[in-house]
S.K.: 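Take a look at this one; I'll ask things after.
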Amino acid sequence: MKTDAFIGLGSNLQKPAAQLARAVAELSALPDTTLVAQSPFYASSPVGPQDQPDFVNGAVWLSTGLDPHTLLDHLQTIEQAHGRERLRHWGPRTLDLDLLVFGNLVLNDDRLTVPHRELPNRDFVLQPLLDLKPDLTLPEGTAIATLRAQCPDNRLRKLPPPDYP
């Protein structure tokens with residue numbers, strides 16, 4: 001049985017849009033997983049420390065037979081392959097992959113919280129989700145569109161499509 005999983009992507013180091021494009025290709029190659037759709041990329045101000053470059057963000061919609069923890073393991077493997085270092089909370093990074101929504105699952109354990117706990121506060125996550133599935137709702141019934149309308153502004157700017165595969 002397949003589950004719809006929505007993954008947030010972010011980068012602000014080493015050609016961020018290229019990092020995201022590569023990650024989309026890697027996500028589409030995961031076992032027992034199909035890429036349903038990819039959002040446009042957006043630029044936004046960093047959350048947290050402001051002494052870093054703006055971020056490029058996007059999201060993908062996957063249909064997967066993987067369980068959420070196995071999917072998380074794959075996301076972290078991809079991050080590591082991109083040189084991800086966790087030196088500072090909300091600091092700069094080559095690639096950040098977040099499991100945002102996993103079907104109707106609500107999970108909060110020592111490794112994973114789904115839906116992602118910061119989802120309501122991140123326009124750079126909510127807008128790509130709306131681009132992917134305008135009628136998407138969280139497991140408890142809150143519409144992503146409602147959250148987006150209430151979300152603080154983070155200077156979100158839609159980027160032109162990348163001109164590389």
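Not measured: the values here are computed from a predicted model. In this chain, residues are counted from 1 in sequence order.
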S.K.: Do any N or O atoms from the side chain of T94 and from the backbone of H82 form a donor-acceptor pair under 3.5 angstrom?
M.R.: yes
S.K.: Could you tell me whether the side chain of K2 and the main chain of D32 form a donor-acceptor pair under 3.5 Å?
M.R.: yes
S.K.: Determine whether a donor-acceptor pair (N or O, by modelled atom type, separation under 3.5 Å) exists between the side chain of N104 and the backbone of P139.
M.R.: no
S.K.: Would you say the side chain of N57 lies within less than 4.5 Å of the side chain of V125, judging by non-hydrogen atoms?
M.R.: no
S.K.: Sequence neighbours left out, what passes side-chain contact (heavy atoms from CB on, under 4.5 Å) with L136? Give chain and number order.
M.R.: F6, L129, K133, I144
S.K.: What residues, two or more places apart in sequence or in another chain, satisfy salt bridge (charged side-chain N to carboxylate O under 4.0 Å, His left out) together with D67?
M.R.: none
S.K.: Of all residues at least two apart in sequence or in a different chain, which pass the side-chain contact (heavy atoms from CB on, under 4.5 Å) check with S11?
M.R.: P16, Q19, L20
S.K.: Would you find a donor on one side and an acceptor on the other, under 3.5 Å apart, between the side chain of T33 and the backbone of P31?
M.R.: yes
S.K.: Heavy-atom distance under 4.5 Å between the side chains of L30 and T64, does that happen here?
M.R.: no
S.K.: Say whether D54 and Y42, considering side chains only, have a donor N or O and an acceptor N or O under 3.5 Å apart.
M.R.: no
S.K.: In the structure I gave you, are the side-chain heavy atoms of W61 and L35 within less than 4.5 Å of one another anywhere?
M.R.: no
S.K.: Would you indicate whether the side-chain heavy atoms of D123 and R148 approach each other to under 4.5 Å?
M.R.: yes
S.K.: Going only through I, L, V, M, F, W and Y residues with side-chain contacts under 4.5 Å, is there a path from L66 to L107?
M.R.: yes
S.K.: Can you sort out the partners of T137 under side-chain contact (heavy atoms from CB on, under 4.5 Å), two or more places apart, ordered by chain and number?
M.R.: A143
S.K.: Does the side chain of L62 reach to within under 4.5 Å of the side chain of D4, using non-hydrogen atoms?
M.R.: no
S.K.: Would you say the side chains of R155 and S45 form a donor-acceptor pair under 3.5 Å?
M.R.: yes
S.K.: Only pairs at least two apart or in different chains count here, so list each salt bridge (Lys or Arg N to Asp or Glu O under 4.0 Å) that has a residue in residues 98-112.
M.R.: D73-R111
S.K.: Which residues pass the side chain to side chain donor-acceptor pair (under 3.5 Å) test with K158, not counting sequence neighbours?
M.R.: none
